Amino acid sequence: MYAEREYMTLHEFVQQARINLHQNTWDYLAGGSETETTQVRNRLALESLAFRPRVLRDVSSIDPSGDVLGERKRLPVVLAPIGSVESFTPEGGIAPAQAADQFGCDHMLSSACEPGLEEVAKSVSKPSMYQLYVRGDRAFVEDVGARVIEAGYRSFCFTVDTAVYSRRERDIAKRYLPRGRQRAWAAGENARLYQAALNWSDVENFKSKFKIPLALKGIMTAEDARIAVEHGVEVVYVSNHGGRQLDHGRGATDAVREIVDAVEGKAEVWVDGGYMRGLDMVKAIALGANAVGLGRLQGFALAAGGIPALVRALEIFENEVISALGLLGVTSLAELNSSHLAAVPPVPSTLNGITLLNRIYPHLDLSDVGY
Ligand SMILES: Cc1cc2nc3c(=O)[nH]c(=O)nc-3n(C[C@H](O)[C@H](O)[C@H](O)COP(=O)(O)O)c2cc1C
């Protein structure tokens, strides 16, 4: 029997988030930059991959777990950093940290959300990764690095696709500044320029000062992946920021193959952008990625019902992964490879200009979203 009041499908969280959120916060969460072409391409890249299933293999016992930075996790998913997450759920950054803790996966705390890194660290048994937007000089970065290590985080991340804050036109048109942006503006133009000035010598400096594993989030080319590996980075995180930064970019999943090849196993490769389903994660792992980041799905679940809803969303996501593995004829993620995938034209409905959410959630009334 299905429990009537419990979430049973992932799109139910989106529906509930749509009901709960004010139009401003909904658009901040759901939208992308400028024409949202990159955001749509994130889905197109995933939908241009079809599965090649194998049959008559014993799949009576399936294990969807995976290694993330040397630790076995219930699923190789990472809750991606979400700035202003306190606009979706009152606990702010504590919510993804606790949900990840309860479920058994990793999370990333955004430096653009409340509360601060020490408070979030204290709220969980083991904080995972801290993501920094640079708002000061090297002494500032080194101070944050030392605090992150002292607070017990196991890894650190620079987001590198945000040299300039993009034109988020849904927000601009409504003259809406998300909370994280309000704090960035209050810090002043000089503070904001440090992120723009960030370069490889800062990565080198960080690696020389700190032993903590480092991720660079927002790598989209084999060229940059190679430089990252030369700098001893532990995680090359393939991402276009969910289509919220450079518009008219490639879908993130389209960059995975070349980056996995360039990295040659010398770092982990994580990817995010449009990952809304367990099957999407299975595709990324088959392409050679080690883990997948969840951005908007996490935000929708938190907006729908806070920590318990996010834990429930992860359970459903896991069920989808298990179902996909069984139907592909494998019993673990390690058995997946490129032979399980075929390049196909995306289903025609994705090509008619309708965005991500209309595509995945056709029953939602999104007429007021304007796309
Ligand atoms: C509301 C929102 C806030 C975000 N804030 C941050 C942030 O503070 N730092 C960061 O590195 N990425 C941030 N991102 C990008 C996500 O970490 C992630 O790369 C992206 O959402 C993945 O795409 P998806 O939403 O399609 O899953 C944000 C994304 C959203 C939707």
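First listed ligand is number 1; within each ligand, the first listed atom is number 1. In this text the structure is predicted, and so the values were computed from the model without any measurement.
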For ligand 1, indicate whether the residue M276 contacts it via side chain, backbone, both or neither (heavy-atom separation under 4.0 Å). neither
At a non-hydrogen distance cut-off of under 4.0 Å, which region of K217 contacts ligand 1 (side chain, backbone, both, or neither)? side chain
Show the atoms of ligand 1 that are less than 4.0 angstrom away from any heavy atom in [X].
X	answer
S239	19 (O)
I82	1 (C), 2 (C), 3 (C), 4 (C), 5 (N)
Y28	1 (C), 3 (C)
Q131	7 (C), 8 (O), 9 (N), 10 (C), 11 (O)
G242	20 (C), 22 (C), 23 (O)

Can you name the ring-ring contact (aromatic ring centres under 6.0 Å, His included) partners of F206, sequence neighbours left out? F156, F158, F210
Among [options], whose heavy atom sits nearest [atom]?
atom	options	result
atom 8 (O) of ligand 1	A215, S110, G299, A30	S110
atom 11 (O) of ligand 1	D161, V78, T159	T159
atom 6 (C) of ligand 1	G273, P81, G93	P81

N or O contact, [X] vs ligand 1, cut-off under 3.5 Å:
X	result
G293	no
H241	yes
G274	yes
Y133	yes
Y275	no
R296	yes
G83	yes

Checking R244 side chain against L29 main chain: does a donor-acceptor pair fall under 3.5 Å?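 It does hold such a pair.
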Could you tell me whether the side chain of N20 and the main chain of A17 form a donor-acceptor pair under 3.5 Å? no
Could you tell me if any non-hydrogen atom of N42 lies under 4.0 Å from any atom of ligand 1? no
[X] and [Y]: side-chain donor and acceptor closer than 3.5 Å?
X	Y	result
N42	N240	yes
S125	D101	yes
D247	T35	yes
E320	S323	no

Hey, which of D106, V235, L69, V148 is the one that makes side chain to side chain contact (heavy atoms under 4.5 Å, CB included) with S155? L69
How about F88 and W26: are their ring centres within less than 6.0 Å of each other?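 No; W26 has its ring centre 6.0 Å or more from that of F88.
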L132 to F140 - nearest heavy-atom pair and separation: CD1-CE2, 4.3 Å
Are R192 and Y165 in a cation-pi setup, meaning NZ or CZ lies under 6.0 angstrom from the ring centre and within 45 degrees of the ring axis?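 Here R192 fails the 6.0 Å and 45° test against Y165.
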